[in-house]
Amino acid sequence: MPPQDDDPQRRQRDLERQAREQASARSGQAMQIGAGGIVVTGGGSITIEGTGALNVGSGALNSAGAITAATDITAGGDVTAGGAVQGADLVSTGPASVAGALSAGSVSSGGAVSGSTGRFDGGLFSIAAYSTIISGTRVANWTQNDGTIGTAPSSARFKTNITDADLATRAQAILGLAVKHYNYLAEIDKQQDDPAYKVHLEVGMIAEDLHAAGLWEFVIYERDENGVALLDDNGDVIPFGIHYELFGMAVLGAAQYIYGLVQVQAEQISALTARLDKAGL
């Protein structure tokens with residue numbers, strides 16, 4: 001007959017096991033877990049306090065709740081959490097799936113990384129993205145000042161206060177912009193560290209020139225993480241970059257201005273030709 005819930009010997013073994021685990025935790029010694037692994041049920045969490053790391057040598061790390069460690073979280077298999085995952089570094093040889101937020105100094109995974117939200121203050125890198133060809137339906141990615149990555153739809157369904165932008169009146173300013181060749185200072189720094197490094201020659205415009213020309217719609221200004229514009233010592237906004245992806249609108253406005261001039265000149269030429277023909281000249 002299998003042991004019952006009130007089996008005194010079973011209760012005694014459970015108490016002894018709990019005592020060993022508590023003693024191990026207090027002593028700072030590692031606690032050995034058998035091949036059965038650690039299973040957390042009922043929405044519970046795995047938390048490593050102090051400076052300890054959470055390491056699973058060759059198996060998976062699964063939790064119905066959160067997984068938290070003061071230092072690293074390492075698994076030889078998959079990492080799955082029903083809640084948030086928080087640690088100094090997250091390393092997984094398999095996929096990492098997080099139902100809640102993912103917060104780590106660095107994330108390395110041999111498979112896909114998925115979660116509802118994630119924050120990477122040190123940067124987000126994908127080697128394959130540079131050479132991955134997307135041939136289907138696609139949208140441009142934009143980065144907000146707080147680091148949020150998303151897109152900006154063009155449909156009127158998402159817009160209000162729609163009015164005509166009379167860029168033709170600023171065609172002279174648009175056509176007067178100078179295209180420059182330049183090097184980024186960061187490129188020069190790379191060459192100073194490595195004399196064999198080839199500095200890239202760039203082509204483009206200068207944000208301050210667009211700002212001075214009154215073309216503020218196409219200038220990216222310095223802002224804090226809350227979207228508030230930063231000001232210099234004189235109380236002026238600080239140009240940071242150029243919305244090259246929007247500058248086609250400026251070129252279209254200038255083209256419309258030139259087209260209007262051509263139309264007027266064509267009418268004038270037509271009228272002058274008619275007068276000359278009437279005069280027999």
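Worth saying up front: this structure is predicted, and the values here are computed from it rather than measured.
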Do [X] and [Y] touch side chain to side chain, with heavy atoms closer than 4.5 Å?
X	Y	result
H200	Y184	no
I220	I242	no
L210	F247	yes
L215	I174	yes
L177	F218	no
I238	L231	no

[X] to [Y] - nearest heavy-atom pair and separation:
X	Y	value
A207	P239	CB-CB, 3.9 Å
A213	A173	O-CB, 3.9 Å
Y182	G204	CE2-N, 3.5 Å
V219	H211	CG2-N, 3.8 Å
A156	I162	CB-CD1, 4.3 Å
M249	L167	O-CD1, 3.3 Å

For the atom pair [atom1] ([X]) and [atom2] ([Y]), what is the distance rounded to the nearest 0.5 Å?
X	Y	atom1	atom2	value
H181	E202	NE2	CD	9.5 Å
R223	Q144	CZ	CD	10.5 Å
K198	E187	NZ	CD	10.5 Å

Donor-acceptor pair, [X] side chain versus [Y] backbone, under 3.5 Å?
X	Y	result
T273	I269	yes
N234	D236	no
D224	N226	yes
E225	D146	no

Quiz item: In this structure, are over 12 heavy atoms from other groups packed under 6.0 Å from Y259 atom OH?
Solution: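 No, the 6.0 Å shell around OH holds no more than 12 heavy atoms from other groups.
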Practice problem: Kindly check if the number of other-residue, nucleotide or ligand heavy atoms within 6.0 Å of CG (L272) is above 12? | Solution: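 Enclosed.
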Quiz item: With sequence neighbours left out, which residue pairs that include part of residues 148-170 fulfil the salt bridge (Lys or Arg N to Asp or Glu O under 4.0 Å) condition?
Solution: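 Counting only pairs at least two positions apart or across chains, the salt bridge (Lys or Arg N to Asp or Glu O under 4.0 Å) contacts touching residues 148-170 are R170-E217.
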Quiz prompt | Residue pairs passing the salt bridge (Lys or Arg N to Asp or Glu O under 4.0 Å) test where at least one lies in residues 257-279, sequence neighbours excluded | solution =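 Listed once each, the pairs would be none.
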Quiz item: Who are the ring-ring contact (aromatic ring centres under 6.0 Å, His included) partners of F240, not counting sequence neighbours?
Solution: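 With sequence neighbours excluded, F240 shows a ring-ring contact (aromatic ring centres under 6.0 Å, His included) to no residue whatsoever.
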Exercise. State which residues pass ring-ring contact (aromatic ring centres under 6.0 Å, His included) with Y244; sequence neighbours excluded, sorted by chain then number.
Key: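 Partners of Y244 by the ring-ring contact (aromatic ring centres under 6.0 Å, His included) criterion come out as none, since no residue qualifies.
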Practice problem: Only counting residues at least two apart or in another chain, list the ones meeting side-chain hydrogen bond (donor to acceptor under 3.5 Å, both in side chains) with T143. | Solution: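 Listed in chain order: nothing, the list is empty.
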Exercise. Apply side-chain hydrogen bond (donor to acceptor under 3.5 Å, both in side chains) to E245 and list each qualifying residue two or more places apart in sequence or on a separate chain.
Key: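 For E245 the side-chain hydrogen bond (donor to acceptor under 3.5 Å, both in side chains) partners, ignoring immediate neighbours, are H243.
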Quiz item: Any link between L175 and L261 through a network of hydrophobic side chains (Ile, Leu, Val, Met, Phe, Trp, Tyr) touching at under 4.5 Å?
Solution: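 Result: yes, single cluster for both.
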Practice problem: Could you state whether Y257 and V262 fall into the same hydrophobic cluster, counting links through intermediate Ile, Leu, Val, Met, Phe, Trp or Tyr residues with side-chain heavy atoms under 4.5 angstrom apart? | Solution: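 Yes; V262 is reachable from Y257 via cluster members.
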